[in-house]
Structure formats: C-alpha cells, structure tokens
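So the structure is just underneath, and the comments pick up after that.
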Amino acid sequence: MSCSSGHGKASPEKLRKLKDLLLKSDNRICADCGAVDPKWASSNIGVFICLKCSGVHRSLGTHISKVMSVTLDEWSDDQIDSMLEVGGNSYANSIYEAFLPAGYLKPNPNSTYDERAEFIRSKYELQEFLKPSLRIVSSKSSHLSSDSGKDKHSSSSFNSPANAAGMVEFIGILKVKVIKGRNLAIRDMLSSDPYVVLTLGQQKAQTSVIKSNLNPVWNEELNLSVPESYGALKVQVFDHDVISSDDIMGEAEVDLQPMIAGAMAFGDPDLLADMQIGKWLKSDDNALINDSLVNIIDGKVIQEVSLRLQRVECGELDMELQWIPLSQ
C-alpha cells in the first residue's frame with residue numbers, strides 16, 4: 001500500500017466525496033479504454049482508469065501521471081480536491097481528447113498493452129489531442145479545472161492551426177439525466193432487467209441495470225462531449241442477460257440541433273431570465289411523445305424529452321438534457 005506524501009490522511013468527508021465521484025456514471029468506465037468498474041485513478045490528471053491502463057500511466061512517470069488505487073492507497077485531502085476540481089472522466093476527456101482525429105479508434109478493454117501505450121502517451125505525455133491553445137503545464141499538478149474547461153495554460157508548440165488538421169473539436173458537454181422508463185418490453189419470463197445506453201459519435205455511456213422492473217426509475221446523469229459536427233443522440237434500452245447476449249428493448253434518436261442552436265443564439269444563460277429559447281417538434285419522423293421545449297432555467301439550458309421507443313412492441317423513456325458550452 002502506498003501513502004500520500006506530505007499532506008496527511010484524508011478526512012472521512014473527503015473520502016466520501018471521492019467515493020461519490022467514482023460512483024458517477026461517467027466514472028464507472030475507464031477514461032482511456034472504456035473498461036467497466038475502474039478502481040485506479042490518476043490523482044493529478046483527475047481521471048479514473050482500469051488496472052491495465054494504470055500500468056501504462058505508471059510508465060509515464062509521476063511527473064505526468066500519479067497513479068493511485070481508489071480502494072487500497074491512502075489519499076490526502078489535496079489529492080481528492082484535485083480529483084473533485086476536474087469533475088470526472090467526461091470533463092477531463094472533453095479537454096484531453098478535444099482534438100481527437102476523425103475516425104480515431106480509442107483502445108477498448110481487450111486492447112493490447114502496446115495499443116494502450118500508444119494512445120495514452122499521445123493523450124497525456126505528448127498532449128496531441130488538446131485544443132491548439134491549451135497545453136497543461138504546471139509544477140504542482142497537471143490536472144484540469146472543472147470550470148467548463150477554461151484555458152489555463154498555453155504553449156508555443158501548439159500554436160499552429162496546421163496541427164489541428166483532420167481533428168474534431170468538442171464544443172460542449174451534454175448532460176443527460178435518464179429519469180425513468182414506462183411500460184417497457186418483456187424480455188425474460190415475466191419482466192426485464194433494463195439499462196439505457198447513450199451513443200454520440202464514438203462515445204458511449206450507460207446507466208446501471210435495474211432488476212425485474214418494466215417501469216424503472218434511474219434518475220442517473222450521464223455526460224457526453226459534443227463535437228463541432230454533431231449528429232443525433234442515439235438512445236437504446238437493453239435487457240441485461242447473464243448467460244446470453246443482452247436483448248434490445250427499443251431505441252430512439254434525439255435531435256440536439258434545437259437545443260444547441262438555441263443556446264448559441266441566445267448566449268450566456270447566466271445573463272438571461274427564465275425563458276423558452278427553442279422547441280423540438282413532435283412528428284411522424286421522430287420518437288417524441290410531445291413537443292420538447294428548450295428553456296433557460298436558473299441559468300441553465302434545459303430540455304425535457306419524452307420518447308416512445310421504436311422497433312419494439314412498447315416502452316417509453318423520460319430524460320432531461322442540459323447543454324454546457326466549453327469556453328472558447
């Protein structure tokens with residue numbers, strides 16, 4: 001067991017906050033390869049990672065990535081504060097992968113060590129996927145701030161627009177609160193064990209599995225980074241199966257254009273009173289149950305969406321979307 005140096009043992013309150021951060025949906029998969037249930041972290045970068053990726057992080061040296069076990073190592077308050085300041089894997093990846101090349105395939109849980117090493121070194125050591133004006137350089141820590149990914153440092157080695165050729169820039173973070181399902185399809189003997197998977201481009205996020213429930217309540221928040229050229233958000237519901245492959249329980253697509261275009265047109269929501277700024281209209285071509293309004297509520301861009309699942313005999317899903325633009 002390793003110990004934190006020079007800062008003392010973390011307080012019970014801080015340890016609880018670290019545990020709560022790990023339990024957030026986007027932190028339940030490795031930031032680098034997507035493996036489920038990561039139990040390791042880079043305390044200075046602010047990401048949760050799996051055992052296999054942690055080995056590559058260690059090889060980078062502690063000046064780049066300081067690897068710690070979430071369950072075995074002794075954390076300090078400062079180290080936990082660094083993790084909390086970043087806000088989790090989605091926020092970190094929205095910066096470290098902001099200029100991921102179009103079509104670039106990240107490692108997966110079955111990737112070899114060499115495949116992981118090539119990606120992780122490019123991402124954190126060489127910082128090839130950062131916004132051209134942003135390169136993290138700090139004598140104390142290389143972690144990011146969770147304040148919407150604001151630029152903290154710049155570097156002349158990333159000052160040429162040519163370095164961005166073929167890259168995809170993220171323009172914001174989409175927070176999706178999966179609220180509940182209604183009258184979902186039966187895929188087992190009498191019920192189903194449903195969970196929701198969201199896909200945006202190459203990114204995926206999923207809720208927890210709820211056992212034996214056709215009217216599940218999740219109230220789980222999933223985070224996805226939105227690229228400059230974004231498409232529809234794909235929503236799928238599956239029945240978890242221990243023995244065989246998981247069965248599909250319906251799907252739908254969410255058009256993000258009304259919310260993002262409205263938010264960009266109206267500007268900083270913190271400066272606006274509560275108001276409607278857009279609308280996604282129900283039609284025969286989409287899965288909406290009712291028109292979906294885009295509103296400014298307490299300085300946040302919020303859209304409530306109720307979907308009738310498609311390609312399935314029955315099922316509805318309620319979600320709440322929130323748009324958070326990244327600072328330019």
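Everything quoted here is computed from the prediction, not taken from an experiment. The chain is numbered in sequence order, starting from 1.
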Handout entry: Verdict with supporting geometry, D77 and K9, salt bridge (charged side-chain N to carboxylate O under 4.0 Å, His left out)
Key = CA-CA 7 Å; D77 282 352; K9 186 176 180 180; over 6 Å; no

Going by atom types alone, do [X] and [Y] pair a side-chain donor with an acceptor below 3.5 Å?
X: Y124; Y: D32; value: yes
X: S208; Y: E220; value: yes
X: S69; Y: W40; value: no
X: N290; Y: S306; value: no
X: T199; Y: K204; value: yes

Exercise for the section: Could you check if a side-chain atom of N183 sits within less than 4.5 angstrom of a side-chain atom of L214, using non-hydrogen atoms only? Expected result: no

Problem - Close side-chain approach of D188 to S191, heavy-atom, < 4.5 Å - result: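 D188 does not reach S191 side chain to side chain.
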
Is it true that [X] and [Y] have a side-chain N and a carboxylate O under 4.0 angstrom from each other?
X: K123; Y: E97; result: yes
X: K234; Y: E253; result: no
X: D20; Y: K24; result: no
X: R116; Y: D114; result: no

Exercise for the section: Kindly indicate, with the supporting measurements, whether the criterion salt bridge (charged side-chain N to carboxylate O under 4.0 Å, His left out) is fulfilled by K180 and E316. Expected result: CA-CA 9 Å; K180 62 183 179 180; E316 298 176 354; over 6 Å; no

Would you check if the side chain of [X] reaches a backbone N or O of [Y] as a donor-acceptor pair within less than 3.5 Å?
X: E115; Y: T112; result: yes
X: S111; Y: N108; result: yes
X: D246; Y: D241; result: yes
X: N89; Y: V47; result: no
X: N286; Y: L281; result: yes
X: N295; Y: I297; result: no
X: R308; Y: A252; result: no
X: K279; Y: P258; result: no
X: S192; Y: A185; result: yes

Exercise for the section: Treating Ile, Leu, Val, Met, Phe, Trp and Tyr as nodes and any side-chain heavy-atom pair under 4.5 angstrom as an edge, say whether V254 and W218 lie in one connected cluster. Expected result: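 Same cluster.
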
Handout entry: Ring centre gap for F238 and Y195 strictly below 6.0 Å
Key = yes

Handout entry: Neighbour count above 12 (heavy atom, 6.0 Å) for E118 CD
Key = no

Exercise for the section: Could you tell me whether L271 atom CG has more than 12 heavy atoms of other residues or ligands within 6.0 Å of it? Expected result: yes

Fill in the blank from the handout: Scanning both residues in full, the closest heavy-atom pair of L23 with R28 reads O-NH1, 3.1 Å

Practice task
Would you please test S42 and N44 for side-chain hydrogen bond (donor to acceptor under 3.5 Å, both in side chains) and show each step?
Solution key: CA-CA 6 Å; S42 173; N44 59 323; 3.1 Å; yes

